[in-house]
Amino acid sequence: MKKWYAVIGDPIKQSMSPSMHEAWFDEESIDAAYIPIHVTEDRLREAVEGLKNLGCSGFNVTVPHKSAIIPFLNQLDSSARQMNAVNTVHVLEDGTLVGSNTDGKGFVRSLEVACGEQCKDKKVLVIGAGGAARGIAFALHSAGYGPIFFTNRTLEKAVQLATELSDSAVLSVAEAELSLAEFGLIVQTTSVGMNFSQQGMPLNPENMSEGTVVADIIYNPLETAFLAEARKRGASTMNGVGMFVHQGALAFETWTEVRPETGFMIDKITTTLGG
Ligand code: ATR
């Protein structure tokens, strides 16, 4: 039987995962399909049962179900446990549902491609303390990056995150702004700047120094106001397309044991988004 995969979320029609995975199936000559499915919160349990019973081999999970899906799965890998969130489910032959989270590792892979080994020696500032910041910080730490400093509008959330991650510390937004030049790598994980709906910047970039590597996990728009300011100050910038493609590539690998080509996919998505 032809294998099939899916992505579930609410909303779902904006998702670029179907076209990405379909293109990889074509590229790798794998006879499989990948479909978007709109699932509301109240139907999540039934949807997961349905996917399993209808022979789905694996699926991605997006907003708002990444944590809510956990009780409906049979196993979680260490990445999903650490983040308390799942973005990839592998349905094993016997129906066992295994959840993992490829977001953080996807970010680290995209950073490795853009920055090589040189980013490993840099002091890291993570802006934000939500789910994305958590995944990225844990993945950076386990890949040998750090020390990691967190800053966030709501300071208590950053403090909580730092208590869970060794070799990390917290700065208020004002402190981070003052000491910005000390950081070689800055990772913007908040939703500020997304889709032009949240205008503005998460912090004042005035003290950013030339040569800093600045990553924003947002990919729509391709360049947030924060990234544009960083670029004007001579920083090397990367947007969120790389993270998006690499998290998808890791899911694809989980399901098919094939590592898909990411370079052409990053170009393709960048073009689609108007780059
Ligand atoms: P995600 O899973 O994308 O990380 P999240 O867990 O809801 O989403 O976290 C959102 C992050 O963006 C948080 O760090 C949030 O800051 P607070 O903890 O203070 O809420 C940050 N964020 C969202 N809107 C923001 C804004 N207007 N200004 C500053 N930070 C904002």
Side-chain angles (χ1 to χ4, degrees), residues 7-12 14-17 41 60-70 76 79-88 99-108 110-111 124-141 148-165 168-177 180 183 186-206 214-221 224-230 238-244 246-248 251:
V7 56
I8 61 169
D10 179 20
I12 200 60
Q14 81 298 342
S15 175
M16 288 191 295
S17 293
E41 241 164 327
N60 286 124
V61 183
T62 189
V63 177
H65 305 315
K66 288 187 179 187
S67 294
I69 196 164
I70 289 176
L76 297 182
S79 64
R81 276 199 304 274
Q82 217 161 39
M83 296 175 194
N84 194 34
V86 163
N87 78 338
T88 302
S100 59
N101 198 316
T102 66
D103 285 334
K105 207 166 165 198
F107 175 80
V108 171
S110 69
L111 184 65
V124 183
L125 178 67
V126 172
I127 308 171
R134 167 182 291 269
I136 288 169
F138 275 90
L140 282 171
H141 182 260
I148 295 173
F149 290 74
F150 293 101
T151 191
N152 191 45
R153 175 179 63 178
T154 311
L155 201 62
E156 308 85 79
K157 284 204 215 162
V159 170
Q160 174 58 37
L161 204 46
T163 60
E164 295 176 46
L165 187 69
S168 72
V170 175
L171 295 172
S172 67
V173 173
E175 287 167 339
E177 286 172 340
L180 217 51
F183 295 96
I186 298 174
V187 188
Q188 197 307 104
T189 74
T190 77
S191 46
V192 180
M194 195 186 285
N195 292 325
F196 302 104
S197 59
Q198 280 214 50
Q199 300 283 349
M201 279 187 269
L203 54 72
N204 183 342
E206 206 171 285
V214 181
D216 196 319
I217 67 164
I218 293 171
Y219 55 83
N220 194 8
T224 57
F226 184 67
L227 222 48
E229 283 300 321
M238 55 184 267
N239 64 25
V241 175
M243 175 180 172
F244 172 70
H246 283 280
Q247 64 74 33

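For ligands, and for the atoms within them, numbers begin at 1 and follow the listed sequence.
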Should the pair Phe149 and Phe183 be assigned to parallel (<30°), tilted (30 to 60°) or perpendicular (>60°) ring geometry? perpendicular
Hey, is ligand 1 close enough to [X] that some N/O pair sits below 3.5 Å?
X      : result
Thr190 : no
Ala129 : yes
Val192 : no
Arg153 : yes

Does Asn60 reach the main-chain N or O of Asn87 with its side chain, forming a donor-acceptor pair under 3.5 Å? yes
Any non-hydrogen protein atom less than 4.0 Å away from atom 23 (C) of ligand 1: yes
Atom 7 (O) of ligand 1 protein-contacted, heavy-atom criterion under 4.0 angstrom: no
Can you name the atoms of ligand 1, numbered from 1 with element, that are less than 4.0 Å from a heavy atom of [X]?
X      : value
Lys157 : 17 (P), 18 (O), 20 (O)
Ala132 : 1 (P), 2 (O), 4 (O)
Ser191 : 12 (O), 23 (C), 24 (N)
Gly128 : 14 (O)

Take Glu164 and Phe138 through the test side chain to side chain contact (heavy atoms under 4.5 Å, CB included) and record every step on the way to the result. CA-CA 9 Å; Glu164 295 176 46; Phe138 275 90; 4.1 Å; yes
Test Val86 against Asn101 for side chain to side chain contact (heavy atoms under 4.5 Å, CB included), laying out the working first. CA-CA 5 Å; Val86 163; Asn101 198 316; 5.7 Å; no
Should Asn220 and Gln14 be marked as a side chain to side chain contact (heavy atoms under 4.5 Å, CB included) after you check the CA-CA gap, both sets of side-chain angles, and the distance that decides it? CA-CA 11 Å; Asn220 194 8; Gln14 81 298 342; over 6 Å; no
Evaluate the criterion side chain to side chain contact (heavy atoms under 4.5 Å, CB included) for residue pair Val187 and Phe107; output intermediate values, then yes/no. CA-CA 10 Å; Val187 188; Phe107 175 80; 3.6 Å; yes
Thr102 and Ser79, any side-chain heavy atoms less than 4.5 Å apart: no
Val126 side chain reached by Leu161 side chain, heavy atoms, under 4.5 Å: no
Identify the closest protein heavy atom to [atom]: which residue and atom is it, and at what distance?
atom                    : value
atom 10 (C) of ligand 1 : Gly130 CA, 4.5 Å
atom 15 (C) of ligand 1 : Asn152 OD1, 4.0 Å
atom 19 (O) of ligand 1 : Thr154 OG1, 2.4 Å

Going by atom types only, do Glu156 and Gln160 share a side-chain donor-acceptor pair under 3.5 Å? no
